[in-house]
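Since we're looking at a predicted model, the values are computed, not measured.
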Amino acid sequence: MSSLVLGFQEMEKTQLMLVGGKGLNLGELSKIEGIQVPEGFCVTTVGYQKAIEQNETYHALLDQLTLLKVEDRDQIGKISRKIRQIIMEVEIPSDVVKEVSDYLSQFGDEHAYAVRSSATAEDLPNASFAGQQDTYLNIIGKEAILQHIRKCWASLFTDRAVIYRMQNGFDHRQVYLSVIVQRMVFPQASGILFTADPITSNRKLLSIDASFGLGEALVSGLVSADCYKVQEDKIVDKRIAAKKLAIYGLKEGGTETVKIDSDQQKTQTLTEQQILQLARIGRQIEAYFGCPQDIEWCLVDDTFYIVQSRPITTLFPIPEANDQENHVYISVGHQQMMTDPMKPLGLSFYLLTTPAPMRKAGGRLFVDVTPHLASPVSRDRLLNTMEQHDPLMKDALMNIIERGDLIKSLPNDEKAPSPSGNNTDSLAEMESDPAIVADLIKSTQASIEELKQNIQTKSGLDLFDFILEDIQELKKILFNPQSSRVFMAAMNASSWINENINKWLGEKNAADTLSQSVPNNITSEMGLALLDVADVIRPYPEVIDYLQHVNDENFLDELVKFEGGQKSRDAIFAYLDKYGMRCSGEIDLTKTRWSEKPITLVPMILGNIKNFEPNASNRKFEQGLHEALKKEQEILDRLKQLPYGEQKSKETKHMIDLIRNFIGYREYPKYGMVSRYFVYKLALLKEAEQLVKAGVIHEKEDIFYLTFEELHEVVRTNKLDYQIIRKRKEEYKLFEKLTPPRVITSDGEISTGGYKREHLPPEAIVGLPVSSGVIEGRARVILNMEDADLEDGDILVTAFTDPSWTPLFVSIKGLVTEVGGLMTHGAVIAREYGLPAIVGVENATKLIKDGQRIRVHGTEGYIAIL
């Protein structure tokens with residue numbers, strides 16, 4: 001068997017580098033019993049390499065191409081064109097020509113063939129490369145086939161294929177092309193079959209697109225197709241499209257586009273029986289490959305031929321469960337404002353900290369809420385909590401509950417709580433004593449100081465035991481009933497105020513103004529404290545100039561050379577001492593903290609120097625406080641004028657005190673958790689240094705790709721199979737490309753929610769109003785905090801904010817995020833700073849363009865693009 005040309009039946013599973021992804025899959029398909037695949041062969045990558053290996057101009061141009069970036073479009077176009085020219089003129093090696101002739105005479109010289117590209121980086125489990133290289137249909141005669149083999153080779157260097165490789169990090173020199181030559185079939189109908197629904201990701205719902213003639217019309221977007229959905233051998237949905245065109249093969253070669261008669265256009269392409277037969281074929285192929293497939297099929301004289309099958313690469317993985325039961329999972333990332341993937345060490349720390357039933361998928365965590373949804377009482381509680389956190393998640397859960405086919409309801413076992421979820425009686429009895437919060441903070445601080453002292457003496461296996469013990473202490477603090485009572489009281493008091501002040505005085509969202517400039521909010525204090533750092537640096541032009549041009553990680557050491565440098569350095573260090581454990585995505589212990597990379601803060605400090613006058617932090621706080629107290633007085637005075645006014649005023653005053661004394665504490669438990677995480681991390685990195693010295697790992701950060709338990713074992717044995725680290729780094733890159741769903745079921749179905757509102761202006765972009773007011777300004781769409789270049793008065797538009805974004809809140813006038821709810825971080829801080837804010841705006845960062853003027857209506861919950 002030669003390595004230049006291989007028949008489908010002759011291919012082995014291991015020959016990806018010879019026949020490419022498409023060729024390999026055809027080889028596998030043709031071995032499945034009962035599946036019809038038109039016969040054919042592959043000109044392997046060896047043939048391609050042989051044709052170009054001696055061509056010096058080709059290699060010189062390839063070297064030039066490798067140095068370019070995606071932005072260099074003109075250069076890419078120029079060089080790619082020259083490479084294609086060279087390949088089109090290249091001589092195909094004589095032994096390749098001979099083998100192609102042999103196979104053609106075996107299958108029939110007179111037949112028409114499809115000539116298709118199959119790249120070695122194509123139809124892979126993690127990058128589909130679909131449509132990047134070319135396909136030619138109905139090619140007749142040896143000379144024409146050889147010419148089209150060259151055309152396929154050349155299509156490896158179309159601009160789009162070159163740019164796609166650059167974007168996905170593939171080396172042009174490492175990607176080769178094999179060419180498939182396959183007997184043409186002339187179908188009455190053809191199309192695509194997805195064994196998992198590409199819209200909802202449901203693995204049990206199979207989706208078929210079908211139209212008349214060759215599939216090229218469908219793939220290239222020329223025609224609309226019928227769409228049929230099949231679940232468990234039943235057709236559950238059918239959409240018949242008007243099919244105006246079809247592409248058919250011509251007897252003499254080539255193809256023609258034909259108009260379909262108007263009376264034929266709305267005819268169903270496949271019969272019911274054919275739809276079900278095709279669905280069974282799809283399930284058989286999926287079972288063979290072991291994962292959901294995207295399959296191209298043709299129908300010829302009542303026989304289905306399969307001409308391609310590849311993995312569907314866009315599905316979010318299903319959280320792993322070890323049973324066959326139905327499950328519903330909700331995303332932890334959407335509640336914690338961190339929808340990026342987490343590295344294994346970060347995941348395992350979070351799992352050690354939480355008592356919730358967690359599952360992993362795609363580098364993210366999900367909570368299994370199936371048991372909560374089964375009981376009417378706990379279901380109401382869960383939905384009420386979701387209402388506060390992320391209403392879109394609540395909507396998505398409601399869709400699943402209302403369908404009723406996934407969750408079996410238990411009988412109503414206890415009295416359901418009141419719908420608003422806040423028990424006014426217990427609120428009325430709750431003391432609003434600020435000392436309660438002060439004591440909680442003091443004991444957390446003392447506990448962290450003790451941890452910092454004790455951990456210094458620990459190393460090796462002792463360190464692991466010590467951390468596990470301390471996590472028990474962390475859990476005690478996080479789940480201290482007194483702690484949750486405090487901020488729940490404040491949240492419920494906010495709901496009470498909004499509900500009753502609206503009812504009595506007709507005023508919406510009064511609690512937003514009353515929440516401004518509250519004491520003990522560690523996160524909003526952090527934003528104001530960075531204004532104070534700017535005040536220290538502002539008088540020293542040399543320091544400012546140095547900071548404007550700095551890009552070295554050790555910039556703080558150099559600062560002392562300038563006038564005011566020592567003071568500036570001390571101010572930054574004092575800030576880091578209190579807030580340096582924070583960073584973007586901080587629930588993942590492996591993320592780089594500000595203390596580890598202080599340069600992250602420099603743009604924000606410079607922004608504060610540019611945008612503010614001295615003493616801005618005090619003025620901002622005082623202004624917010626003044627507005628809150630003024631609003632309090634105004635509400636109480638107006639209430640006294642009403643029937644039973646004294647009573648209403650007294651109750652309201654108590655609720656306002658609960659908000660003002662307690663709501664600030666809501667941010668503190670997370671600060672305590674993140675502080676501890678940073679202490680653990682520094683201790684583990686010290687252990688990692690020993691592992692690097694011993695040659696067990698290559699760099700300290702490799703430990704981030706191991707779970708806590710695996711790292712424990714590596715420290716114990718001083719051994720590690722380094723393949724694990726490599727594999728996990730690759731996986732992490734994959735996970736970064738995935739978008740996690742809010743809600744996913746064990747069928748892989750992604751359930752979504754949506755806001756339904758009447759009376760909004762046309763074209764309004766809808767979200768959840770979380771902080772009142774209306775503001776107009778320039779939208780700054782920022783996905784990475786480091787890229788923030790804000791001016792006073794800008795409106796921040798981003799995917800999600802966590803506490804690390806707070807320093808930017810002092811510069812902005814409004815906030816729009818894709819993720820969030822009433823009580824998530826961005827909402828709490830926006831209210832405290834008095835910024836109109838809307839969260840949970842799906843695709844906000846795509847719908848709103850950077851620099852557009854927008855109006856944010858924080859009271860009604862919509863954005864208008866001006």
Side-chain angles (χ1 to χ4, degrees), residues 332 335-337 353-356 381-382 384-390 417-418 420-445 447-448 474-499 509-526 582 586-587 628 654-676 770-771 801-803 806 820-833 837 839:
V332 172
Q335 296 167 75
Q336 288 295 339
M337 301 298 100
T353 312
T354 174
R381 278 195 210 117
L382 175 69
N384 287 331
T385 311
M386 284 304 116
E387 182 80 71
Q388 301 275 347
H389 269 296
D390 188 332
S418 66
S420 66
N422 53 21
N423 190 333
T424 315
D425 299 343
S426 62
L427 270 184
E429 289 155 22
M430 179 115 187
E431 224 186 329
S432 63
D433 179 3
I436 299 174
V437 168
D439 291 346
L440 283 166
I441 289 177
K442 215 183 313 179
S443 74
T444 301
Q445 272 316 108
S447 168
I448 291 169
L474 167 59
K475 284 163 87 165
K476 249 186 243 156
I477 295 169
L478 279 179
F479 305 110
N480 173 359
Q482 170 77 319
S483 180
S484 4
R485 255 204 309 276
V486 164
F487 57 75
M488 282 312 294
M491 283 156 65
N492 290 334
S494 292
S495 304
W496 187 96
I497 290 270
N498 282 341
E499 209 172 294
N509 305 351
D512 291 1
T513 310
L514 296 167
S515 307
Q516 287 186 39
S517 297
V518 295
N520 293 320
N521 187 325
I522 189 81
T523 308
S524 59
E525 286 164 10
M526 172 172 88
R582 309 223 86 154
E586 59 191 12
I587 62 165
H654 176 62
M655 295 300 172
I656 293 173
D657 288 347
L658 285 175
I659 294 174
R660 298 227 32 102
N661 290 330
F662 289 170
I663 196 90
Y665 176 71
R666 188 183 180 282
E667 293 285 306
Y668 202 85
K670 189 175 185 184
Y671 171 79
M673 169 174 132
V674 172
S675 301
R676 281 188 128 82
V770 292
S771 184
T801 66
D802 60 10
T806 305
L822 264 174
M823 280 300 161
T824 42
H825 153 79
V828 173
I829 304 298
R831 288 196 289 274
E832 190 165 321
Y833 282 177
V839 301

Could you tell me whether the side chain of Ser675 and the main chain of Tyr671 form a donor-acceptor pair under 3.5 Å?
yes

Calculate, to the nearest 0.5 Å, the distance between atoms CD1 and CG belonging to Ile441 and Asn520 respectively.
4.0 Å

State, to 0.1 Å, how close Ala830 and Ala837 come at their nearest heavy-atom pair, and which atoms those are.
CB-CB, 3.7 Å

Heavy-atom side-chain contact between Ile663 and Ser494 under 4.5 Å:
yes

Of the non-hydrogen atoms in Ile659 and Leu514, which two are nearest, and what is the gap between them?
CG2-O, 4.5 Å

So, Asp390 side chain and Met386 main chain: donor-acceptor pair closer than 3.5 Å or not?
no

Looking at Asn661 and Pro434, what are the two nearest heavy atoms and their distance?
ND2-CD, 4.0 Å

Taking all heavy atoms of Ala628 and all of Gln516, pick out the closest pair and write down the distance.
CB-O, 3.8 Å

With heavy-atom distances below 4.5 Å as the criterion, would you say the side chains of Ile477 and Ser447 are in contact?
yes

Under a 4.5 Å cut-off applied to non-hydrogen side-chain atoms, are Ile587 and Lys670 in contact?
yes

Restricting to non-hydrogen atoms, name the atom on His654 and the atom on Met430 that form the minimum distance, rounded to 0.1 Å.
CE1-O, 2.8 Å

For the NZ atom of Lys476 and the CG atom of Leu474, what is their distance to the nearest 0.5 Å?
11.0 Å

Any donor-acceptor pair under 3.5 Å linking the side chain of Tyr668 with the backbone of Asn521?
no

What's the separation between atom CG in Asp433 and atom CG in Asp439, rounded to the nearest 0.5 Å?
8.0 Å

Would you confirm whether Arg831, through its side chain, and Val770, through its main-chain N or O, come within 3.5 Å as a donor-acceptor pair?
yes

Please check if any side-chain donor atom of Ser432 sits under 3.5 Å from a side-chain acceptor atom of Arg660, or the reverse.
no

Decide side-chain contact (heavy atoms from CB on, under 4.5 Å) for Met491 and Met488; before the verdict, give the C-alpha distance in whole Å, the side-chain angles of both, and the deciding distance to 0.1 Å.
CA-CA 5 Å; Met491 283 156 65; Met488 282 312 294; 4.1 Å; yes

With rounding to the nearest 0.5 angstrom, report the OG1 to CZ distance, Thr353 to Arg676.
10.5 Å

Has Glu431 got more than 12 heavy atoms of other residues, nucleotides or ligands less than 6.0 Å from its CD?
no

So, Glu832 and Ser524: side-chain donor and acceptor under 3.5 Å apart, yes or no?
yes

How long is the gap from CD1 on Ile497 to CG on Asn492, to the nearest 0.5 Å?
12.0 Å

Does the separation of the ring centres of Phe662 and Tyr665 fall below 6.0 angstrom?
no

Under 3.5 Å: donor-acceptor pair, side chain of Asn498, backbone of Ala511:
yes

Mind running side-chain contact (heavy atoms from CB on, under 4.5 Å) on Val486 and Arg666 for me, showing each step along the way?
CA-CA 8 Å; Val486 164; Arg666 188 183 180 282; over 6 Å; no

How long is the span from the CD atom in Gln335 to the OG1 atom in Thr824, to the nearest 0.5 Å?
10.0 Å

Where the side chain of Ser483 meets the backbone of Phe479, is there a donor-acceptor pair that is under 3.5 Å apart?
no

Return yes if some donor-acceptor pair links the side-chain N/O of Thr354 with the main-chain N/O of Ala356 below 3.5 Å, else return no.
yes

Side chains of Asp802 and Gln336: does their closest heavy-atom pair fall under 4.5 Å?
no

Could you report the tightest heavy-atom contact between Met655 and Ala493, atom names first, then the distance?
O-CB, 3.7 Å

